[in-house]
Amino acid sequence: MPELPEIEHLRRSLEPFLVGAAVIGVRLHRADIAHRLGGPARRRILARELLAGSTISSLLRHGKNLAIVSDEQSGICVHLGMSGQLRFVPAGQKLAPSDHVHCVWRIAGPRDTGRLVFRDPRRFGGIWTFSSLEELQQNRWQALGPDAMSISAAALGSKLSKVKRPIKAALLEQSFLAGVGNIYADEALFAAGIHPISWAREIPGQAIGRLAGAIRKVMRQAVEAGGSTIRSYVDGNGQGGEYAAAHKVYGRAGQPCVVCGRTLEHGRIAQRTTVFCATCQRQYGYVR
DNA sequence: CCGGACTCCTGTGCGC
DNA sequence: TGCGCACAGGAGTCCG
């Protein structure tokens, strides 16, 4: 997926089409991608639970989760998993024939009438309905750590002091820090000069300060560039992002470090491919 | 309780 | 060109 920058850019790209829009109807083509956050789990999800008949008042994001909220504070939380897409297709514009379209909303918006389309080939993503913001908070967002876009050095430091894992594994954990995935974990660790295998609680305060700043900066720059499009990510208009061209380590194993020229190495941490520069990224603490 | 491994899916790109 | 395999931006669940 799509990590935090992609979801935040998606949120901004959909806002003009959706905020203030009326949801005329919805078609759920695959029932098993939709879930209910509160109430009976077995009963079929109703169209009105998927916003049909509602007016959209806001789009919220926490980590990699995007919530579409009605003026009655009910709505849906969308997670794109690895391969999900959420696009607005204006009326009259032909949607390129595609499979794996799981849900389509008919939208009468302030700018355009059209369709909101959710597709997700691998189906690691999904939709969770909620009947109030409290329900969204308590049953889903509360389990997430602080949002990576605004993480402070103090908050990061106090959390890291308890972690007995490599720093890379901690950054990927959504209950620890919400929004960072494999691309931006590697990019932020490179920017902060910290080796991904560093033992989290051995990292000194000064380096944690650099890391918090690097996470915020990488997130901000990636959002502005429209996110990273590796394979399938597109925003609400179907446009890819440009940030992949700015990657310094992710996807560059075997190529020279942009700072020192040493060949970038790669390994596997927390079951994820990890790329780093053994010269520019210092290892703190001992592992095993 | 914690951390590591496995699992869910489809698509793509590589080597043979 | 075709086939099989490894791997991919995520994260819930199980097990030691």
Side-chain angles (χ1 to χ4, degrees), chain A residues 1-10 29-33 35 37 41 61-66 77-86 96 98-102 118-128 139-145 148 159-189 196-201 215 218-219 222-223 225-235 240-254 266-275 285 287-288:
Chain A
M1 158 177 120
E3 307 179 26
L4 183 152
E6 288 74 35
I7 305 304
E8 176 59 20
H9 185 75
L10 173 67
H29 298 287
R30 262 200 88 111
D32 62 358
I33 60 106
H35 319 269
L37 280 181
R61 182 194 59 75
H62 188 70
K64 305 172 188 175
N65 288 262
L66 178 69
C77 176
V78 180
H79 197 292
L80 298 186
M82 289 274 261
S83 59
Q85 299 176 339
L86 204 52
S98 62
D99 43 11
H100 305 299
V101 168
H102 305 316
F118 174 68
R119 88 178 272 272
D120 182 14
R122 287 178 76 178
R123 275 181 280 132
F124 287 177
I127 296 169
W128 287 261
N139 295 346
R140 195 164 174 92
W141 285 11
Q142 193 171 281
L144 300 171
K159 291 178 81 69
L160 282 177
S161 66
K162 302 172 196 111
V163 175
K164 290 185 262 187
R165 311 175 72 181
I167 182 62
K168 164 86 184 263
L171 294 181
L172 292 176
E173 186 65 50
Q174 298 303 295
S175 59
F176 177 83
L177 180 67
V180 176
N182 204 35
I183 294 176
Y184 298 106
D186 279 9
E187 293 299 320
L189 286 167
I197 210 167
S198 295
W199 213 230
R201 46 181 203 178
I215 291 169
V218 166
M219 293 289 149
V223 171
S228 301
T229 294
I230 305 298
R231 284 183 182 76
S232 59
Y233 169 73
V234 292
D235 70 11
E242 303 301 323
Y243 194 72
H247 293 170
K248 293 186 167 69
V249 283
Y250 178 82
R252 296 194 64 245
H266 70 103
R268 221 164 159 80
I269 300 176
Q271 289 80 244
R272 314 301 299 280
T273 296
T274 301
V275 185
V287 176
R288 298 291 126 115

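Each chain gets a letter, A, B and so on, in the order its sequence line appears, and its residues count up from 1.
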> Nearest-Å distance, NZ (A:Lys168) to P (C:dG10)?
Replying inline: 9 Å
>> Using the side chain to side chain contact (heavy atoms under 4.5 Å, CB included) criterion, which residues pair with A:Ala222? Sequence neighbours excluded.
In response: A:Pro5, A:Tyr184, A:Tyr243
> Can you check whether A:Lys164 has a side-chain N or O nearer than 4.0 Å to OP1 or OP2 of B:dC2?
Replying inline: no
>> At less than 4.0 Å, is any side-chain N or O atom of A:Arg268 found next to OP1 or OP2 of C:dA6? Yes or no.
In response: no
> A:Arg165 has a side chain; which of C:dA8, C:dG9, B:dG4 sits nearest to it?
Replying inline: B:dG4
> Would A:Thr274 and A:Leu189 count as a side-chain contact (heavy atoms from CB on, under 4.5 Å) if you check the C-alpha gap in whole Å, the side-chain angles of each, and the deciding distance to 0.1 Å?
Replying inline: CA-CA 10 Å; A:Thr274 301; A:Leu189 286 167; over 6 Å; no
> C:dA11, B:dG3, C:dG9: which one has an atom nearest the side-chain heavy atoms of A:Met82?
Replying inline: C:dG9
> At under 4.0 Å, does any side-chain N or O of A:Arg272 touch on OP1 or OP2 of C:dA8?
Replying inline: no
>> It should be established whether A:His79 places a side-chain nitrogen or oxygen under 4.0 Å from OP1 or OP2 of nucleotide C:dG10.
In response: no
> How far does the P atom of B:dC9 sit from the matching atom of C:dC14, given to the nearest Å?
Replying inline: 15 Å
>> Rounded to whole Å, please give me the gap between CD in A:Gln271 and C1' in C:dG10.
In response: 12 Å
> Using a cut-off of less than 4.0 Å, is there contact between a side-chain N or O of A:Lys162 and OP1 or OP2 of B:dC2?
Replying inline: no
>> Determine whether A:Ile127 and A:Ile33 satisfy the following criterion, side-chain contact (heavy atoms from CB on, under 4.5 Å), listing intermediate values before the conclusion.
In response: CA-CA 6 Å; A:Ile127 296 169; A:Ile33 60 106; 3.8 Å; yes
> Rounded to the nearest 0.5 Å, what separation is found between the CD atom of A:Glu3 and the CD atom of A:Gln174?
Replying inline: 8.5 Å
Any N/O pairs under 3.5 Å between the protein and nucleotides 9-13 of chain B? List them or say none.
| from | atom 1 | to | atom 2 | distance (Å) |
| --- | --- | --- | --- | --- |
| B:dC9 | O3' | A:Arg123 | NH2 | 3.1 |
| B:dC9 | O2 | A:Arg122 | NE | 2.8 |
| B:dC9 | N3 | A:Arg122 | NH2 | 3.4 |
| B:dT10 | OP1 | A:Arg123 | NH2 | 3.1 |
| B:dT10 | O3' | A:His100 | NE2 | 3.2 |
| B:dG11 | OP1 | A:His100 | NE2 | 2.8 |

>> Tell me the interatomic distance from A:Tyr233, atom OH, to C:dG10, atom P, rounded to whole angstroms.
In response: 14 Å
>> Considering every strand and a 4.0 Å limit on heavy-atom distances, what is the contact class for A:Gln174: base, sugar-phosphate, or nothing?
In response: sugar-phosphate
> If you measure from the Lys or Arg side-chain nitrogens to the Asp or Glu carboxylate oxygens, is any gap between A:Asp186 and A:Lys248 under 4.0 Å?
Replying inline: no
> With a non-hydrogen cut-off below 4.0 angstrom, is A:Ser232 in contact with a base, only sugar-phosphate, or nothing?
Replying inline: base
>> In this structure, how many angstroms lie between the P atom of C:dA11 and the CG atom of A:Asn182, rounded?
In response: 11 Å
>> In whole Å, I'd like the distance from the CG atom of A:Leu172 to the P atom of B:dG3.
In response: 14 Å
> So A:Ile230 and A:Tyr250, side-chain contact (heavy atoms from CB on, under 4.5 Å) or not? Walk me through it.
Replying inline: CA-CA 11 Å; A:Ile230 305 298; A:Tyr250 178 82; 3.9 Å; yes
> Would you write out the dot-bracket form of DNA chain C, 5' to 3', with Watson-Crick and G-U pairs under 3.5 Å, [ ] for crossing pairs, | for pairs to other strands and . for unpaired bases?
Replying inline: .|||||||.|||||||
>> Can you measure A:Trp199 atom CH2 to B:dG4 atom C1' for me and round it to whole angstrom units?
In response: 11 Å
> Yes or no on side-chain contact (heavy atoms from CB on, under 4.5 Å) for A:Arg140 and A:His79, after CA distance, side-chain angles and deciding distance?
Replying inline: CA-CA 11 Å; A:Arg140 195 164 174 92; A:His79 197 292; 3.9 Å; yes
> How far does the C1' atom of C:dG9 sit from the matching atom of B:dG3, given to the nearest Å?
Replying inline: 23 Å
>> Please report the distance, rounded to the nearest Å, between CZ in A:Arg252 and C1' in C:dG9.
In response: 18 Å
>> I'd like to know if the side chain of A:Ser83 reaches the main chain of A:Arg122, judged simply by a donor and an acceptor atom lying under 3.5 Å from each other, with no hydrogens or angles considered.
In response: yes
> Between A:Tyr250 and C:dG9, does any side-chain N or O lie under 4.0 Å from OP1 or OP2?
Replying inline: yes
> How far apart are the C-alpha atoms of A:Thr273 and A:Arg268, what are their side-chain angles, what is the distance that settles it, and do they pass the side-chain hydrogen bond (donor to acceptor under 3.5 Å, both in side chains) test?
Replying inline: CA-CA 5 Å; A:Thr273 296; A:Arg268 221 164 159 80; 3.2 Å; yes
>> Out of the candidates A:Leu10, A:Val234, A:Asp120, only one should pair with A:Gln85 under the side chain to side chain contact (heavy atoms under 4.5 Å, CB included) rule; please name it.
In response: A:Val234
> Between A:Arg30 (CZ) and B:dC8 (P), how many Å, whole number?
Replying inline: 15 Å
